[in-house]
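See structure below.
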Amino acid sequence: MTLLITVFAAVIVTVKWYTRKDDSMQLGMLCFLYWGASIMWLVDAIFEYAELRAEYFTPAIEDMLNDAFLGLSVVALGLVIWLVRLLITDPKGSIRTALKKG
Amino acid sequence: MACFLVSAAEAVVVTAVEKAEEKKEFRASEDNTIKEDVVSIPLSRKLKWLTYLLWGGAVLLAFEHIWHGEVVPWFPFLTAMTNPSDAQVMFHEMATVGVCMALLITVVWFVMCKVADAIVKRPATDTTQDTVA
């Protein structure tokens with residue numbers, strides 16, 4: 001479930017990156033972040049499948065809920081990392097302008 | 001248990017190489033030793049992609065390990081290290097799952113670089129034809 005949620009996040013961000021008008025939102029970094037995690041969880045899933053076989057596809061509801069909650073938390077953490085970097089690098093100069101005004 | 005540490009270690013090495021390459025390319029651009037007519041993606045940019053993939057994966061997986069209580073904020077930071085038999089399992093996991101993770105990310109990055117090079121070298125197509133059809 002964590003892998004699935006991260007892959008969906010990676011696909012959505014990649015589509016947003018492809019249809020972007022300029023690079024000011026720095027979506028490329030977020031794409032790599034989610035794809036990196038997705039690839040690593042895919043390897044984890046392959047090893048788990050090799051161990052559990054068919055049982056891997058029938059997880060307990062409690063485990064599935066916990067994994068889904070973890071997946072959403074991972075997506076949120078990725079977004080926070082991206083946002084902090086965006087605010088620090090400030091490619092549009094919005095923060096600089098706002099600070100100078102104040 | 002600590003499979004993300006392998007990717008994190010690779011990320012540290014690649015980041016160092018990327019910074020060195022960036023400096024080398026900057027010096028080359030100042031000396032005008034780069035051929036202007038050659039269309040290609042700089043190696044430092046490609047290495048940056050790999051560092052993002054590795055750091056991204058390592059950080060988000062580290063969060064998963066904190067979630068499952070396998071990483072703790074006190075010494076020895078990895079709960080598996082408190083018990084020799086657990087530590088053995090952890091090292092085995094790092095050598096199998098961890099190495100495979102780092103390898104797959106590197107292979108994906110390598111293929112991505114080859115595809116990106118091919119796209120950059122491809123002649124530009126007229127995109128208006130698609131909208132007409």
Side-chain angles (χ1 to χ4, degrees), chain A residues 1-10 13-14 17-19 23 26-52 56 59 62-63 65-86 89, chain B residues 1-11 14-15 18 41 45-71 89-90 92-113 115-116 119 127:
Chain A
M1 202 67 176
T2 314
L3 169 65
L4 206 61
I5 291 170
T6 319
V7 168
F8 272 115
V13 176
T14 308
W17 170 83
Y18 186 76
T19 55
D23 261 337
Q26 301 182 344
L27 283 171
M29 179 249 183
L30 192 59
C31 287
F32 284 122
L33 204 82
Y34 287 146
W35 280 120
S38 299
I39 293 166
M40 285 169 76
W41 267 309
L42 174 71
V43 173
D44 208 29
I46 291 167
F47 273 89
E48 213 173 318
Y49 173 74
E51 198 183 306
L52 301 172
Y56 175 78
E62 202 180 316
D63 292 342
L65 263 175
N66 186 41
D67 275 357
F69 193 29
L70 171 64
L72 290 173
S73 304
V74 160
V75 172
L77 179 66
L79 286 170
V80 169
I81 293 170
W82 164 74
L83 189 66
V84 168
R85 189 177 180 269
L86 185 73
T89 52
Chain B
M1 280 179 165
C3 45
F4 68 94
L5 288 179
V6 180
S7 298
E10 189 187 339
V14 176
T15 304
E18 187 254 319
I41 303 162
R45 193 173 171 200
K46 288 177 184 170
L47 287 171
K48 191 158 255 171
W49 298 343
L50 183 58
T51 58
Y52 282 153
L53 281 171
L54 289 166
W55 279 122
V59 167
L60 296 184
L61 254 82
F63 177 75
E64 187 222 339
H65 286 73
I66 294 168
W67 183 282
H68 289 134
E70 290 165 354
V71 175
V89 174
M90 184 191 79
H92 180 260
E93 201 189 273
M94 281 170 77
T96 51
V97 185
V99 170
C100 283
M101 283 173 174
L103 264 177
L104 186 63
I105 284 192
T106 312
V107 168
V108 167
W109 167 77
F110 185 77
V111 172
M112 203 180 96
C113 289
V115 172
I119 290 171
T127 50

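So you know, we letter chains A, B, ... as the sequences are listed, proteins then strands, and number each from 1.
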Residue from B/Leu54, B/Thr106, B/Leu104 passing side chain to side chain contact (heavy atoms under 4.5 Å, CB included) with A/Ile39: B/Leu104
Pairs touching residues 95-104 of chain B that satisfy side chain to side chain donor-acceptor pair (under 3.5 Å), sequence neighbours left out: none
Separation between SG of B/Cys100 and CG of A/Asp44, rounded to the nearest 0.5 Å: 11.0 Å
Residue part contacting chain B, namely of A/Ile46, when any heavy atom lies under 4.5 Å: neither
Side chains of A/Phe32 and B/Met112 in contact at under 4.5 Å (non-hydrogen atoms): yes
Structural part of A/Leu30 lying under 4.5 Å from a heavy atom of chain B: neither
NE2/B/His92: more than 12 non-hydrogen atoms of other groups inside 6.0 Å: no
Gap between atom CD1 of B/Ile66 and atom CG of A/Leu70 - 0.5 Å precision: 11.0 Å
Best-contacting candidate, B/Thr51, B/Leu50, B/Leu53, against chain A by heavy atom pairs under 4.5 angstrom: B/Leu53
Pairwise side-chain contact, A/Leu77 with B/Glu64, heavy-atom cut-off 4.5 Å (strictly under): no
Structural part of B/Val108 lying under 4.5 Å from a heavy atom of chain A: side chain
Which portion of A/Ser38 sits near chain B, non-hydrogen atoms under 4.5 angstrom: neither
Where B/Leu60 and A/Ala37 come nearest, the two heavy atoms and their spacing: CD1-CB, 3.6 Å
Verdict with supporting geometry, B/Val6 and A/Met40, side chain to side chain contact (heavy atoms under 4.5 Å, CB included): CA-CA 11 Å; B/Val6 180; A/Met40 285 169 76; over 6 Å; no
Region of B/Trp67 in contact with chain A, defined by heavy-atom distances below 4.5 Å: side chain
Spatial distance of atom OG1 (A/Thr2) from atom CG (B/Leu61) [nearest 0.5 Å]: 9.5 Å
